[in-house]
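I have placed the structure first, in the form of structure tokens, so that the comments after it can refer back to it.
Remember, predicted model here, so these are calculated numbers, not experimental data. The residues of the chain are indexed from 1 along the displayed sequence.
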Amino acid sequence: MKKKILRYIIMLMAITLLFFGVSIVDKLVETYQKDSMGNTIGFVFEFIVYCIAGMIFGVEKLISETKMNGHWKINLPRLILVGLPSFFVGMIVFLIFTFPINSQILTLSFANSNLFISFMQMLFGYILVTSFYKVEKISLTND
């Protein structure tokens, strides 16, 4: 019972720190976006922080997987079908500033929504962490 309460307190503190960190990052990105060079640095910094935030949401599953017996595997279809698109949508603003020639190709109607892009960055971090799992070895002989 004490372990559950301690775990809930740690998760509450982690979420509080996460929201505190996200608010600080938003302020830092706003200050960086005033410069033309700061745009790319700010967007990369924002991407990293939101990915870490998504990873924090999935770290409990990763910890439970480490306690299991077996060998590690990667859920590659999940990583490709969900992780890769969320990575590219999360990086779309950075791609637009980096490759201005292709900006008409990369601009999408949802790219103006900062909340959607932040969500996709967090989704990428979550998918990245939760795509690792353990599989028990199945022996074909009866021992």
Side-chain angles (χ1 to χ4, degrees), residues 1-140:
M1 184 70 172
K2 289 182 181 181
K3 285 185 178 183
K4 278 190 174 185
I5 293 172
L6 182 63
R7 187 172 69 171
Y8 289 137
I9 289 172
I10 290 172
M11 291 296 279
L12 181 66
M13 288 177 18
I15 290 173
T16 304
L17 286 173
L18 174 72
F19 287 128
F20 181 70
V22 166
S23 66
I24 290 174
V25 167
D26 281 339
K27 294 295 179 188
L28 287 173
V29 168
E30 285 178 18
T31 58
Y32 274 124
Q33 287 178 349
K34 292 179 181 175
D35 303 340
S36 61
M37 182 59 184
N39 277 337
T40 56
I41 296 169
F43 290 130
V44 170
F45 186 62
E46 180 182 21
F47 181 80
I48 291 170
V49 168
Y50 280 116
C51 281
I52 290 172
M55 288 178 182
I56 289 172
F57 288 128
V59 78
E60 186 175 6
K61 183 182 181 302
L62 185 68
I63 290 172
S64 68
E65 289 289 331
T66 58
K67 293 178 182 178
M68 295 177 60
N69 292 328
H71 61 280
W72 286 99
K73 287 211 159 212
I74 298 174
N75 190 347
L76 203 55
R78 179 181 183 181
L79 201 57
I80 291 172
L81 294 175
V82 181
L84 205 56
S86 63
F87 171 76
F88 284 120
V89 172
M91 290 292 289
I92 196 154
V93 177
F94 174 74
L95 293 173
I96 288 170
F97 278 104
T98 305
F99 305 109
I101 298 168
N102 298 330
S103 65
Q104 293 173 349
I105 296 169
L106 294 175
T107 51
L108 301 171
S109 61
F110 57 81
N112 294 329
S113 174
N114 217 10
L115 181 64
F116 181 73
I117 292 172
S118 300
F119 172 74
M120 293 305 274
Q121 292 166 348
M122 280 197 244
L123 180 66
F124 173 69
Y126 178 78
I127 293 296
L128 190 65
V129 167
T130 57
S131 290
F132 295 98
Y133 63 98
K134 279 191 174 178
V135 177
E136 289 187 33
K137 287 186 178 179
I138 300 172
S139 65
L140 298 176

When rounded to the nearest 0.5 angstrom, what distance separates [atom1] in [X] from [atom2] in [Y]?
X	Y	atom1	atom2	value
Phe87	Phe47	CZ	CZ	5.0 Å
Glu136	His71	CD	NE2	10.5 Å
Leu84	Ile127	CG	CD1	12.0 Å
Cys51	Glu46	SG	CD	10.5 Å
Gln121	Ile52	CD	CD1	11.5 Å
Phe57	Leu123	CZ	CG	11.5 Å

- request: Please test Tyr50 against Ile117 for side chain to side chain contact (heavy atoms under 4.5 Å, CB included), starting from the C-alpha separation and ending with a verdict.
  value: CA-CA 10 Å; Tyr50 280 116; Ile117 292 172; over 6 Å; no
field: Exceeds 12 heavy-atom contacts within 6.0 angstrom, atom NZ of Lys73
entry: no
task: Write down the atom of Ser131, the atom of Leu79, and the distance for their closest heavy-atom approach.
output: OG-CD1, 3.6 Å
message: To check you understand the geometry: which heavy-atom pair defines the closest contact between Met55 and Gly125, and what is its length?
response: CG-O, 3.4 Å
side-chain contact (heavy atoms from CB on, under 4.5 Å) partner of Tyr133, chosen from Met68, Arg78, Glu65: Glu65
